[in-house]
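Report on one structure; see the data block that follows.
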Amino acid sequence: MNGTAETLLAARGLTKRFGGVVALEDLELEVRRNQVLGLIGPNGSGKTTFFNVVTGIYAADGGEVTFGRDTITNLSAQAVYRAGIARTFQRSRLMLELSIFDNIMVGNHRRLNQGLWFNLARRRAFRREFQDGFEQARELVRVFDPPLADRMFEAVGGFPMIDRRRIEICRALISHPQLLLLDEPSAGMTHEETTQLMDDILEVRSTFEGLTIIIIEHEMGVIERITNRCVVLNFGRKICEGTYQEVAADRLVQEAYLGIE
Amino acid sequence: MNRGHASRANLMPGTLGIAAATAFLILFLSVESQAGTAVLLLGGAVFVLGAARFGGIARMRQSFTGNEGAMNLVVVAAALLLTGFFYDDHFTLLLVATVMIYMVAALGLTVQFGYAGVLNFAGAAFFGIGCYTAAVLTRNTALPHVLVLLAGGVMAALIGALLLLPVLRTRGHYSAVVTIAFTLLFKTFLEVNDTLGGPQGLRVDGMNLFGWRFNDNIEIGETLELSFFANYVVGSLILLALAFAFVRRLERSWTGLNMDAVRLDETAAACFGYNISRWKITAFTVGNFLAGLAGAIYAMMLGFIAPTNFTFGDSLILVSIVLLGGIGNPWGIAVATTIVIVLPEKLQIIQEYRFLLYASMVILILLFRPLGLLPRPLRSYVPGWQPK
Amino acid sequence: MDVGLFSQYVMNGLMLGMMYALVAVGFTLFFGVLDVINFSHGDVLMVGSFTGLATYLGLDALGVVWPVFQLTAVLAAATLAMALLGAAIARYLVLPLKSAPALNTLLITLMLGTVLREGIRLFYPEGANPKPFPALLPTDATALGNFNLRTDNLIMLLAGLVVIVGVHLLINRTKLGLAIRAVAQDEETAKTMGINFNLVVLVTFAIGSALAAFAGIMNGLYYNETNFGIGLLLGVIGFSSAIIGGLGNIYGAIIGGFLFAALQTVGAVALPFASAYKDVFAFGVVILIMAWRPTGLISEKVSERV
């Protein structure tokens, strides 16, 4: 073992119930700094619930989550974000009426001056901050798709799914989080688009040093290509863990996915 | 050289549009007969539809976004021109000032549900709080009237704080029901409260700003006498310009972005560190402040207020203005307020039917043109700024 | 306070509570199937009461004076007409806005309420004035000490109870009720099970609006009067009751209705100097309950998925 110093996020005995349904049961999960962890499992196996519990949307019924040296179990969504965790959503949750720039700045909330006086009265200073924010957002978008960076002030609602996914990832990355949670980024996209987006993610990873990612994905090709390690969930429990090859060869996993008895 | 030429050409459509609108308004306000009014109305509608059809409105829009400062000045000049034209006409100037005051209140409502998505069906009640504050303070204290105006706004914001708890709830229907209940109870409260004049209402002193007495007619030389309402038009215009600039700045800042984000997706906003309550409280308070401020100057202008001015129906009229104009667009408010306030005053038949008319109109808008007459454009943080 | 007066207050509270509960059940049904608030509901009640009144006047003009028939006709006309109106509201205003922001549905129904209210005020003959509502029930009273138990009140309470039990059976014991509950649970699943979603919504709106009409007739009979403005406050009260009970829950709505009436009655007794403040008191307590139990006494249905 390399010791716990390298562990960035850890869940210990994490449990979440909805009424009688157990969505997460005694989940043990660890991701180390700089790794890409794949989270896989059939529909309803608790993957998104795990994200929601970590990011403070749902309160856990038991267990704990640590991030770096801090315990973040049941912190508010706001506090989790401030601690350095950002996410995307399975059903893309961009604000479609707002521009690309607006959406990305939503993700930059903790780094912008939110004082009322600053915003209303100190227009020169605001202008500088706006200019900086714009440069950063444009740089980030360029990494994904240069043409998109020239359309920063167009409404997101007018862009196709792949661009929306890109923008959503930019929104999560703009504040330089330590941990990025990607909830099924390939949903609603064609195979080629998915491949493209994964290239983008790999490229972003090389520009953001020390970025750790947990990705929920159904496309096994994606998992194989970008993850260092995988955790497989079924009925809220971890049934298997290892590299993609190890996991894919596991009998339990095949049962869970293919229903082989 | 070239650039200067280009921008002057760009200024033309906007200036022409404003000139046409001003000319139309002057004509419309001067016409006495009901038939003449109806004909003008029809002509105006056809003209605007035609202009929209041939891209005139879009070009006007470009003028406004391209030369904001200049266009704002053109609009102010047009308002003053209009006032000058009707310099001795009490009724018309009162109407003009009323429209401007309602614009201030509607701007407040825009911040609340155009930006932050906080529903407020008590707009008329907060306006009324400003009115009653002005009445009580001008009659019973020697407070300078500038402070009375502010007090009207502050009072509305403070009483609004009583409703904060339900307003902060995620689902809009809580703030809807509580603000409706508040409007109904507010009127009942005024009617049974003898200290506040009961159903008869209260008298209010005219405005006096540092010796500028608003209720005296203005005499220029020997022969020219301006209606004292001209004072109120100028006063309201100043207030409106301030409120307008304030709301614009708010929209073009991170604060405006925050309010939009809270309106559009609370869950996503929370995941990016937003303190949802903070922005809802800010919006609700700012909006009520503007409504109260508007109420205070309105009361001083009328000199008399009674509970019947602050019914639920009046609150709905404010809401209709915001929806008709284009939710979140301050220029839309200007157009919509003019239509909604002036129309029933000039077309007497409408007066009795105005609640019915505006409610039906809002239903049609929601079904067929939910963005309103002038849809809100995307945010530009710094006017005229271009990415390099 | 002596027993007679106390009983009087209780009777009053029960009558009001029954009306509020009937209105609240409508709100909660609509919210259940469609996650929307129909703010025109109170004004539908008012229109129901005017429909009943017009039916009575029509029969009267035709020379029909048999009270039992009159009452039946008044009830039938009002509930049927409002059921149709409710279904029309769902079909033409609420369903078209299904994918728009929830705010828009709220606004459109609120504005429809205004249209109904103003429509009656302007177009019903002398609609701006309060209208006397005929006494269609026996008005004799039994003296119990110094408390007069009026026969019509007793009949209305019993009738209200029968209606509520009827709704309970409809929701829990019939195929239609099963469909309504399925849609309320999960629209998508209900659709895949072959339930006609739009039809269920229309029927639910019809049922809820018919209940409002019933409450409107009750309101007229109880006060011997009706006017174009009653719907606004009754709607707000009915909705508040549904909220205290926990939106989406029928029993919560009924409890909420009686609770609100109890609060008003207590307010009227505790603040005899200014009965106008009894509503302020009641709404104040509602706000406090909302702060204490944000999703109502019985938990509100939440359907957002992240």
Side-chain angles (χ1 to χ4, degrees), chain B residues 113 117-119 121 162-166 168-186 188-193 263-264 266-268 271 311-313 315-317 319-320 322-323 327 352-368 370, chain C residues 27 31 35-39 42 92-93 96-97 100-119 121-123 128 229 232-233 235-240 242-243 247 274-277 279-284 286-288 290-291 294-295 300 302 304-306:
Chain B
F113 72 79
V118 174
L119 278 175
F121 293 113
L162 293 178
L163 305 185
L164 274 180
L165 212 53
L168 293 180
R169 302 288 307 280
T170 304
R171 296 188 170 185
H173 47 246
Y174 290 93
S175 57
V177 75
V178 171
T179 48
I180 294 173
F182 181 73
T183 314
L184 300 178
L185 298 178
F186 178 71
T188 320
F189 171 79
L190 292 178
E191 276 166 352
V192 298
N193 191 314
R263 178 184 85 248
L264 292 167
E266 279 188 29
T267 308
C271 285
T311 62
F312 181 58
S315 288
L316 286 187
I317 290 228
V319 174
S320 310
V322 175
L323 285 168
I327 192 155
E352 178 72 1
Y353 297 90
R354 65 185 192 285
F355 292 133
L356 182 67
L357 186 77
Y358 292 145
S360 319
M361 183 190 76
V362 171
I363 290 177
L364 293 178
I365 285 184
L366 286 169
L367 284 176
F368 302 113
Chain C
F27 275 109
F31 187 79
D35 277 7
V36 299
I37 302 302
N38 171 11
F39 267 101
Y92 294 106
L93 298 183
L97 292 188
L103 208 92
N104 292 19
T105 310
L106 206 155
L107 286 166
I108 207 167
T109 54
L110 194 68
M111 292 299 168
L112 176 75
T114 305
V115 168
L116 295 176
R117 199 159 55 245
E118 289 291 301
R121 182 176 76 88
L122 295 164
F123 303 122
L232 194 53
L233 190 62
V236 172
I237 290 176
F239 180 55
S240 306
I243 286 183
L247 270 175
S275 66
Y277 293 121
D279 292 341
V280 180
F281 172 78
F283 279 112
V286 167
I287 292 180
L288 288 180
M290 278 163 59
T295 52
E300 174 174 326
V302 184
E304 198 196 29
R305 286 187 196 91
V306 181

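A, B, ... follow the sequence lines: proteins, then strands. Residue 1 opens every chain.
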Practice problem: Report the distance from atom CG of N38(C) to atom CG of L112(C), rounding to the nearest 0.5 Å. | Solution: 7.5 Å
Exercise. To the nearest 0.5 Å, tell me how far T188(B) OG1 sits from N193(B) CG.
Key: 12.0 Å
Exercise. Let me know if F39(C) has heavy atoms under 4.5 Å from chain B in its side chain, its backbone, both or neither.
Key: side chain
Self-check item: Winner by heavy-atom pair count (cut-off under 4.5 Å) against chain B, out of T109(C), N104(C), V286(C)
Solution: N104(C)
Quiz item: Is it the backbone or the side chain of L107(C) that comes under 4.5 Å from a heavy atom of chain B, or both, or neither?
Solution: both
Quiz item: Can you say whether L233(C) sits under 4.5 Å from chain B via the side chain, the backbone, both, or neither, judging by heavy atoms?
Solution: both
Practice problem: Mind checking the OG-CZ spacing from S360(B) to F355(B)? Nearest 0.5 Å is all I need. | Solution: 13.0 Å
Exercise. Report the relative orientation of the aromatic rings in F121(B) and F312(B); use parallel for angles under 30°, tilted for 30 to 60°, perpendicular for over 60°.
Key: perpendicular
Quiz item: Highest number of heavy-atom pairs under 4.5 Å with chain C: which of L367(B), L366(B), L184(B)?
Solution: L366(B)
Quiz item: What is the distance from atom CE of M111(C) to atom CD1 of I365(B), rounded to the nearest 0.5 Å?
Solution: 9.5 Å
Exercise. Give the member of V362(B), L356(B), V178(B), L323(B) that has the highest number of heavy-atom pairs under 4.5 Å with chain C.
Key: L356(B)
Quiz item: So what's closer than 4.5 Å to chain B heavy atoms on I108(C): side chain, backbone, both or neither?
Solution: both
Quiz item: For R121(C) and E352(B), what are the C-alpha separation, side-chain angles and deciding distance, and is it a salt bridge (Lys or Arg N to Asp or Glu O under 4.0 Å)?
Solution: CA-CA 10 Å; R121(C) 182 176 76 88; E352(B) 178 72 1; 3.5 Å; yes
Quiz item: Which answer fits F123(C), side chain, backbone, both or neither, if we ask what part of it has an atom under 4.5 Å from a heavy atom of chain B?
Solution: side chain
Quiz item: Taking T114(C), L122(C), I237(C) one by one, which has the highest count of heavy-atom pairs under 4.5 Å against chain B?
Solution: L122(C)
Quiz prompt | Most chain B-contacting option - heavy-atom pairs closer than 4.5 Å, from L97(C), L232(C), V36(C) | solution = L232(C)
Quiz prompt | Output field: ring centroids F182(B)/F283(C) closer than 6.0 Å | solution = no
